[in-house]
Every structure is written in structure tokens, then in C-alpha cells.
Amino acid sequence: MVTLTHAHLNNNQQSPPKTLSALSTDLISSYFNKGSIEDAHTLFDEMSHRDVVTWTAMITGNISCNRHNRAWDMFSQMLKHGVRPNAFTVSAVLKACKGLHYLNALSCGKLVHGLAIKNGTRGSSIYVDNALMDVYATCCDTMLDARTLFDNIVIKNAVSWTTLITGYTHRGDAYAGLRVFRQMFLEEGELSPFSFSIAVRACASIGSGILGKQVHAAVINHGFESNLPVMNSIVDMYCRCRLAYEAKQLFCEMTHKDTITWNTLIAGFETLDSKESFCIFSRMVFEGYSPNCFTFTSVVAACANLAVLHCGQQLHGEIVCRGLDNNLALSNALIDMYAKCGKVADAHKIFIEMPCTNLVSWTSMMIGFGAHGHGKEAVELFNEMVGSGIKPDKIVFMAVLSACSHAGLVDEGLRYFRLMTSYYNVSPDRDIYGCVVDLLGRAGRLKEAFQLIENMPFKPDESIWVSLLGACKAHKEPSMGKFVASRVLDMKPNRVGTYVLLSNIFAAEGNWADFAISRKLMRGMRNKKEAGRSWIELKSQVYSFIVGDKSVFSNELISEALELLIMHMKDVGYVPDLDSFVHDLEDET
DNA sequence: GCGTCCAAAA
């Protein structure tokens, strides 16, 4: 029960006295601000007279608390009560449309569009025009409608430009976004920090450090260097463009930092250099910043990359202590971490205890099962996921196919490959074809794999041939192996692995002349090959080494552990594959 | 008393 007290009515002595409805609106907004949604609704329900402003406050309040459906409900109730929406209402409710279920968003937006034309707010309020453009930019299949609306706005403001740039960028057309960004300068449109950060984001999404640096320069020239969100997005851009030095340099030069700045750098280094992301993480804590769920998501992912179980477990403990363990993204990261550290059971425990899951949770769990050879479990999980109403995407199909491939469930995998287009309406891309080639190849069905490559609707790239090449090697198919190797060499003449394989095929059939040629070619590019690296975690310390690494093998702890491992491998029937060995060891110094 | 756009997970 909420009542207006004397104190509420008395808080405004300077300016002219407010009406009761104005005061109630004030109160409603402040209830929403502190998250007391129900109090706001109770107060609203008890009001005897509600005007447009009050109704609009209810709509925006619900939007600010992510209650888009409820905001839409308030709007339709308002119409039923015969209250005419103004420009404020229209722009607000258009924002709510974006948050509705994707099947309703566009039709609701169009409905409001019609209303806006009828009441004359469309074309007379820049807020309405911009919000409308945003709905079309986010919900339509193409940018055509949004573009037409934009072109019809006579006096565009900074939000108009940003909305258009964002529309293009978020649907993956970063170049179009950047063209609009440039057009904005040419037409001397109003600049805002928002447009700069989305332009930076566009550069990041195409991985173009060159364009990114140009936008960075523009940021400095226009005095947005003091804007923290803009600078954070530039740090993010440098990381995504794999410019680690530039990212760190900028980070160090920034006089003002917030948690997002740290999180951005940590997330960036998670992919660039996982070990380094830990160092940044501990410096963040040392400098007194409090890590949040985004921070932990990145460092847990770093643990997964490095496969350092102890570290991951410690972080997990910390996450539980801080009460962050019901965060969706973080739980997904933990599933992935445990699976990659070899603890599928622990990953599964997290998965089944999650109060709510999304597509990523299921995919991570399936990848985990697949990587450990539990193909059947992965397939069951897929069926369960579809049954629970989650629509599969391309990546989850990659997970199923790869799980089937590793568990030898070839026909099962092929069935899902067919269902993918015929039932789930997901069109396979080159990566999916790669998975199917791998599935067939691993099972030794090389002819079918080859036919699939020949008949697929894409031009085969190098990686798909490499996958088949591996299968030829594993199933000892020298003739097809030679053919496939020549395809790989056509596309990527510098790939040392191809020569190793080819020369070993020649050696196996005693063709020493061709062997010599391939070895010679290979030697010419030796320095380009990166050595295979192994990792081992002993007593909470990670050691990494390459073949013949003397410093590591002189370490007793490691050599003992490795000997034990080798004994164990032999016990379970492992026979070393000498075919993949480089045959001339004498020059392997 | 009410409004539109930016920056974070497989």
C-alpha cells in the first residue's frame, strides 16, 4: 500500500506548486529508479486521475527495468482508456518494441508507426523519427526501411546518425556503417561520443587496425579523448585487431579508468595471451578495483585456454563467495573451463544445476561431451535442447557433428546434417561442410568425403582439404593423399605440414626421388613452422615444452611425470604413430 | 512531472 504523505507534497517550495498528478509522476519515476516496480504500479493503480505524462512514466519505467512486455501492456491499456499518446509516449514505446519477442517486435513497431502518422508526431519530433528508424534498423531483414526514414529526416541530429551507423554495424555490415560515419563528417552532421564508439566497434568487428587507428585519431581531433566509454571501445578495438602493444599502451596512458576499462583489457588478452590476462587481473585487484561477472567470465575462459584446473577451481570458489555463481554467462564459461580441463563430470554438474540456460550453455556442454568422446550424450543433449524450445544455430550443429565425428557416430551425424536444412532451417556454411568432411574422413569414408567437397555449394578452402588430407594419412590412402596434398599446395604453398605428410607418403612407398624433392622444398621454409608445444601442470605450476626441450627434460619432476604418462598410455594400448614422424632426424638440432 | 543512439560470453 502506498500513500502520498505530507512530506511528498511539501518538497517543492521554490518553483510553482505542482499538481497532484505531477507529484505522483515524480514518485513513480523514483520508484522505478530504485527498482521498486511493484510500488510504482500500486501507486499508479491508486491514482484517481492519470494523464499522458503519468502513463508515459509507467511505460519508460518498465523499460528501464527491462520489462518490455509490461511496458507494451501499459501502452495498450493507455489506448483503451482513451488517452492520446504524445511524442514522448511514442518514442518510449518504440523502444519497448525492440525488446519484445522477435516475432512481435516488427509488427508492434509498425502499429506504432501508423499511430505516429495519425497523431502527427512522426515527422515533427526528432525523437519519434529516430526511435522509429531504430526499430526498423534492428528488426527488419534489411536496412532499406531504416535508410528511407533516415533520408526523410530533414534536420538530422547526432542520434539519427548514430542509429543508422549502429543499424549497419550490428547486423554485420561494418563497412556500410563506416561509410555512413564518413558521410556524417562530409555533411557536417552533429558529432557525439556515441557515434565514435560505434564506429570504433565497426573497425573492431572487421579486425581493421588501419581504419581503427584513423577513427582513434578522429576521436582525439574532436576532443572525445576524455570520454571513458569511447576510450574503452578503442582499447577493445586494438585487442580485437590483435594489436596487443597498442591496446596496452593506450590503457597505460589513460588517466581515468573504470571497471569496464580493466574488463576490456582482460577480455582482450584472454584471446591474445591468456597468461597475460591473469597478470592484468591481479593488477586490477591489487589496484583496488572489484572484479565483476564480466571479469570472471574472461579469466575463467583464460583458465580454459591454458587448461589450468587448479586455477579454475580457485576462481570458481571465489565466484561462489561473491554470489556470482548464478550468472548465466559466467556459468557457461565454467562449463567450458571444466570440460577443457578434462573434468566433464564437473562441467555437467554446473550445467544441470543452472536455474536457467541458453543456447551457449547447451553448446558448451555438448562441445565438452564431444571432446571427451561422449558422442551419444552430446546427441541426447541436442534432442533435449530442441525439446525445451531452444532454436539450434550453426554453432550448435558444429558441436553435434564434431561430437559424432569423435565418437564414430557417422550415420547419426549425417542424419543431423540433413535435418539441419530440411527441418531446422539452418543453412550449412563452409565450416559445417568442414565438420561433415571430418566426420566422414575420420571414419575412413574418404570417397564420400571427397564427393561432398566436390558437390558443396562453396569453393573449398584450404582448411577443408587439410582435413581430408589428415584422413588420408590416418587411413593410409597414399593415392588420394597425394591428390589432396596437391590441392592444399595450390592454395597454400607455404604449409610445412603438407610437405611432411607428402614426403612421408613417398618414403612409405619407397619413392625416394620425390621424397628428396619434397624434403628439399620443406627445408626451405623450416623457419616458418611453429613447433608443436605440450603442456603439463605439476604441483600448481604449468610447464610447456617442445620436442627435445633439454631444459625441461632435465627437470626430474617433469621427466618422471612424463614417464608415468607414457607407461599408462602403453598400458591402454597406445602405439606411437611413426608415420607422422619427420624421417630425417639428423638435422633436427 | 514523461522520450531516441555507444561500450562486455561458445
Side-chain angles (χ1 to χ4, degrees), chain A residues 12 15 18-30 32 51-61 63 85-96 98 121 125-135 137-138 157-167 169-170 192-202 204 224 227-237 258-261 263-264 266-268 270 292-298 300-301 304 327-336 339-340 358-368 393 395-396 398-399:
Chain A
N12 208 329
S15 34
K18 286 188 180 181
T19 63
L20 188 59
S21 108
L23 281 166
S24 313
T25 311
D26 259 354
L27 196 52
I28 285 174
S29 302
S30 63
F32 278 116
D51 59 13
V52 212
V53 184
T54 325
W55 279 101
T56 310
M58 289 305 290
I59 295 168
T60 53
I63 296 170
N86 63 14
F88 286 84
T89 326
V90 173
S91 49
V93 79
L94 282 167
K95 188 178 179 177
K98 283 203 305 170
T121 49
S125 159
I126 187 72
Y127 287 97
V128 170
D129 289 350
N130 288 342
L132 202 53
M133 180 172 61
D134 192 28
V135 169
T138 27
N157 68 6
V159 179
S160 324
W161 287 102
T162 311
T163 306
L164 193 67
I165 301 168
T166 309
T169 307
H170 279 179
S192 84
F194 291 88
S195 60
F196 280 92
S197 32
I198 187 65
V200 171
R201 174 76 214 174
F224 290 112
N227 185 291
L228 202 46
V230 171
M231 297 317 279
N232 288 344
S233 66
I234 297 177
V235 172
D236 177 62
M237 178 274 295
D258 63 1
T259 311
I260 299 181
T261 320
N263 285 351
T264 305
I266 292 170
E270 181 262 305
N292 62 17
C293 53
F294 290 101
T295 328
F296 281 110
T297 304
S298 299
V300 168
N327 178 277
L328 182 60
L330 192 43
S331 300
N332 292 346
L334 285 169
I335 293 175
D336 189 50
K340 290 209 172 108
N358 67 2
L359 184 62
V360 179
S361 330
W362 293 82
T363 309
S364 307
M365 195 59 243
M366 284 165 62
I367 291 173
D393 72 345
I395 301 179
V396 84
M398 286 178 60

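Letters A, B, ... are given to chains in the order of the sequence lines, protein chains preceding strands, and every chain is numbered from 1.
- When heavy atoms are screened at a 4.0 angstrom cut-off, A:Ser361 is found touching no nucleic acid atom at all.
- Computed from coordinates, the A:Arg201 CZ to B:dC6 C1' distance equals 11 Å when rounded to whole Å.
- Among B:dT4, B:dG1, B:dC6, the nucleotide with an atom closest to any side-chain atom of A:Ser21 is B:dG1.
- Residue side chain A:Phe88 meets the stacking definition with respect to B:dC2: its ring centre sits within less than 5.5 angstrom of the base's six-membered ring centre, and the planes differ by less than 30 degrees.
- With rounding to whole Å, A:Ile28 atom CD1 is found 10 Å from B:dC2 atom C1'.
- You'll find that the side chain of A:Ala87 is closest to B:dG3, out of B:dG3, B:dA7, B:dT4.
- Listed nucleotides B:dG3, B:dA8, B:dC5 differ in distance to A:Ser192; the shortest reach to its side chain belongs to B:dC5.
- Among the nucleotides B:dA10, B:dC6, B:dC2, the one closest to the side chain of A:Thr166 is B:dC6.
- Between the CG atom of A:Asp129 and the P atom of B:dG3 there is a distance of 18 Å, rounded to whole Å.
- Stem list for DNA chain B (at least 3 consecutive Watson-Crick or G-U pairs, distances under 3.5 Å) is empty.
- Comparing B:dA8, B:dA7, B:dG3 by their nearest atom to the side chain of A:His170 picks out B:dA7.
- Residues forming a salt bridge (Lys or Arg N to Asp or Glu O under 4.0 Å) with A:Lys95 (at least two apart in sequence, or on another chain): none.
- Here B:dC6 is the nucleotide among B:dC6, B:dG3, B:dC2 with the atom lying nearest to any side-chain atom of A:Ile198.
- Residue A:Ile395 is classed as a base contact, given a heavy-atom separation below 4.0 Å to a base.
- As rounded to whole Å, 10 Å separates atom P of B:dA9 from atom CG of A:Asn263.
- Of the candidates B:dA7, B:dG3, B:dT4, B:dT4 carries the atom nearest the A:Asn130 side chain, counting heavy atoms from C-beta on.
- The nearest pair of heavy atoms linking A:Pro193 to A:Phe224 is CD-CE2, 3.4 Å.
- When heavy atoms are screened at a 4.0 angstrom cut-off, A:Asn327 is found touching no nucleic acid atom at all.
- With sequence neighbours excluded, the residues forming a salt bridge (Lys or Arg N to Asp or Glu O under 4.0 Å) with A:Asp236 are A:Arg201, A:Arg240, listed by chain and number.
- Considering only the side chain of A:Asn358, B:dA9 comes nearest among B:dA9, B:dC2, B:dC5.
- Residues passing the ring-ring contact (aromatic ring centres under 6.0 Å, His included) test with A:Phe88: none are found, sequence neighbours excluded.
- Picking from B:dT4, B:dA7, B:dC5 the nucleotide with the shortest atom distance to the side chain of A:Ile260 gives B:dA7.
- Backbone-only contact: A:Asp134 has heavy atoms under 4.0 Å from sugar-phosphate atoms and none from a base.
- At B:dT4, none of the side-chain N or O atoms of A:Lys98 fall inside 4.0 Å of OP1 or OP2 (strictly under the cut-off).
- Residue A:Thr54 is in base contact, counting any heavy-atom pair closer than 4.0 Å across all strands shown.
- Rounding to the nearest 0.5 angstrom, the gap separating the CE atom in A:Met58 from the OG atom in A:Ser29 is 9.5 Å.
- Contacts of A:Trp161 classified as ring-ring contact (aromatic ring centres under 6.0 Å, His included), with partners at least two apart in sequence or in another chain: A:Phe150.
- Using a 3.5 Å distance cut-off with no hydrogens or angles, the side chains of A:Asn232 and A:Asn263 do not pair a donor with an acceptor.
- Between the OG1 atom in A:Thr89 and the CD1 atom in A:Ile59 there is a gap of 6.0 Å [rounded to 0.5 Å].
- Note: CD1 (A:Ile59) to P (B:dT4) measures 12 Å, nearest angstrom.
- Residue A:Thr89 places no side-chain atom within donor-acceptor reach of the base of B:dG3, judged by atom type and a 3.5 Å distance cut-off alone.
- Distance CE (A:Met231) to P (B:dA8): 15 Å, rounded to an integer number of Å.
- One atom, CG of A:Leu20, and another, P of B:dG1, lie 15 Å apart when rounded to the nearest Å.
- The listed nucleotides are B:dA10, B:dC6, B:dA9; the one nearest the side chain of A:Asn332 is B:dA9.
- Residue A:Thr56 places a side-chain atom within donor-acceptor reach of the base of B:dC2, judged by atom type and a 3.5 Å distance cut-off alone.
- Taking atom CZ of A:Phe224 as the reference point, atom C1' of B:dA7 lies 15 Å away to the nearest angstrom.
- Residues passing the side chain to side chain donor-acceptor pair (under 3.5 Å) test with A:Thr138, sequence neighbours excluded: none.
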